[in-house]
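Letters go in sequence order (proteins before strands), and every chain restarts at 1. All heavy atoms count here, side chains included; hydrogens, waters and symmetry mates do not. Everything quoted here is computed from the prediction, not taken from an experiment.
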2 protein chains.
Amino acid sequence: MAIEELSNSLPMMLYKALDTIMPKFRIIFKEFGITEPQARVLRILWQHKKIALNELSSLSLITPPSLVGVIDRMELNGFVERNNSNIDRRKIIVNLTKKGKTLESKILPKVEKVYTEIESSMTKKDLNNTLFLLNKISLIDKR
Amino acid sequence: MAIEELSNSLPMMLYKALDTIMPKFRIIFKEFGITEPQARVLRILWQHKKIALNELSSLSLITPPSLVGVIDRMELNGFVERNNSNIDRRKIIVNLTKKGKTLESKILPKVEKVYTEIESSMTKKDLNNTLFLLNKISLIDKR
DNA sequence: TATTAATAATTAATATATTAACTAAAGCCC
DNA sequence: GGGCTTTAGTTAATATATTAATTATTAATA
């Protein structure tokens with residue numbers, strides 16, 4: 001590869017990678033009338049069924065102020081519901097509706113297909129190395 | 001590292017990495033009253049002095065509709081100016097003002113310091129490998 | 001227990017991102 | 001040269017991101 005490319009900074013290269021692969025996924029999400037942040041929320045709810053909003057924020061990497069709006073719109077579209085916690089009255093429990101659950105079997109296979117396509121473009125080994133190194137970065141102290 | 005972390009998808013790990021390192025840079029940008037996209041624009045202008053808006057869009061990875069607003073605000077704050085191209089009347093040439101140029105010597109050293117801090121957290125070799133692999137990803141066909 | 005500190009969700013204000021559509025100016029092609 | 005296509009910049013509408021501030025609750029503690 002050309003040296004100029006590698007002379008780009010880590011932030012720019014991260015954005016560049018996202019800029020390359022995310023459009024492939026967004027095409028799928030659009031088919032089902034959801035956005036990418038909404039898809040991130042759905043993926044988590046497909047695993048947890050119900051989860052407190054603050055935990056959802058941590059797992060989705062969507063900050064609370066943004067997440068409030070994301071959940072608002074997903075609620076309006078009937079994908080999720082808000083409920084109050086009985087234990088801690090400050091907490092809001094977000095849970096999946098049938099409509100939200102239904103999307104799982106429709107979206108996941110298409111997402112997997114794109115993921116396989118990416119793997120085939122860069123070797124499974126490279127992909128694993130990338131994940132390993134990105135994980136290392138994510139463990140750096142955030143302050 | 002724990003396996004669960006690596007079981008996250010490539011998109012999520014890319015976001016996680018950005019989520020870890022970008023706050024460190026944003027603190028610097030905020031000191032000088034600029035945002036992160038504005039800093040990306042400045043960094044390019046520090047190298048090119050003047051550049052057509054469409055090229056600036058490609059290099060900054062900021063799409064034209066977003067970039068219009070970014071340049072609007074940077075122009076209002078006196079960091080850049082818009083000029084018309086004599087050759088192609090469709091084109092807008094963005095060029096740096098003295099005020100925008102001045103920021104270079106103030107911001108770059110602090111940015112470099114953070115970058116060095118990141119390097120020290122993960123080995124220069126790991127960082128280079130990461131850039132190498134991210135570059136590979138960015139070369140995947142975007143369609 | 002009254003007070004204080006910390007947490008969860010939200011609101012507010014501003015800046016960006018995303019997609020589609022639109023205008024003006026080149027480029028092309030016959 | 002008139003018509004067609006492409007390109008550059010912009011606008012519009014909606015969704016998110018970012019930072020600071022607010023409200024309600026809970027936890028902590030003197």
* Assigned partner base of dT16(D), Watson-Crick or wobble definition, under 3.5 Å -> dA15(C)

* Asked: Given atom CZ of F29(A) and atom P of dT18(C), what is their separation to the nearest angstrom?
  -> 13 Å

* To do: Using modelled atom types only, decide if a donor and an acceptor are shared between the side chain of N77(B) and the backbone of R73(B) within a distance under 3.5 Å.
  => yes

* **P65(B) side-chain proximity, nearest of dA25(C), dT16(D), dA20(C)** => dA20(C)

* Asked: Between L61(A) and P64(B), which is nearer to the 5' end of DNA chain D once each is assigned its nearest nucleotide?
  -> P64(B)

* Is a donor on one side and an acceptor on the other found under 3.5 Å between the side chain of T97(B) and the backbone of F79(B)? -> yes

* Asked: Rounded to whole angstrom units, what separation is found between the CD1 atom of I62(A) and the P atom of dT10(C)?
  -> 14 Å

* R82(A) CZ to dA9(C) C1': how many Å, rounded? -> 9 Å

* Should T35(A) be listed as having a side-chain N or O under 4.0 Å from OP1 or OP2 of dT18(C)? -> no

* Ion pair check, E104(A) and R43(A), cut-off under 4.0 Å -> no

* Look at the side-chain N and O atoms of N54(B) and state whether any lies under 4.0 Å from the OP1 or OP2 oxygen of dT7(D). => no

* Return the 5'-most residue of the pair N77(B), R26(A) with respect to DNA chain C, ranking by each residue's nearest nucleotide. => N77(B)

* Asked: Taking the side chain of S66(B) as its heavy atoms from C-beta onward, which of dT18(C), dA26(C), dT10(D) lies nearest to it?
  -> dT18(C)

* Asked: Between M22(A) (CE) and dT18(C) (P), how many Å, whole number?
  -> 10 Å

* Whole angstrom is fine here: how far is it from CD in E75(A) over to P in dA9(C)? => 14 Å

* Asked: Nearest to the side chain of D88(A) - dT25(D), dA8(D), dT10(D)?
  -> dT25(D)

* To do: Would you kindly give the CG-to-C1' distance between L67(B) and dT18(C), to the nearest whole Å?
  => 14 Å

* **Pair of N/O donor and acceptor under 3.5 Å linking dT25(D) base with R89(A) side chain** => no

* Would you kindly give the CG-to-C1' distance between L56(A) and dA8(C), to the nearest whole Å? => 13 Å

* Just compare dT19(C), dA15(C), dA20(D) and give me whichever is closest to any side-chain atom of K30(A). => dT19(C)

* When you check the gap from the basic side-chain N to the acidic O, do E36(B) and R40(B) get nearer than 4.0 Å? -> yes

* Nearest 0.5 Å, what's the NZ-CH2 distance between K101(A) and W46(A)? -> 9.0 Å

* To do: Would you mind telling me which of dA17(D), dT26(D), dA24(C) lies closest to the side-chain atoms of R90(B)?
  => dA24(C)

* Between atom CD1 in I34(A) and atom C1' in dT19(C), what is the gap in whole Å? -> 16 Å

* Look at all strands and tell whether E36(A) reaches a base, only sugar-phosphate, or nothing, counting heavy atoms closer than 4.0 Å. => nothing

* Sugar-phosphate, base or nothing in reach of T63(A), heavy atoms under 4.0 Å -> base

* Structure fact -> Rounded to the nearest 0.5 angstrom, the CE-CZ distance for M74(B) and R82(B) is 11.0 Å

* To do: Report the residue (V70(B) or I92(A)) whose heavy-atom-nearest nucleotide on DNA chain C is the more 5′ of the two.
  => I92(A)

* Asked: Which nucleotide in the list dT16(C), dA9(C), dT16(D) gets nearest to the side chain of R73(A)?
  -> dT16(D)

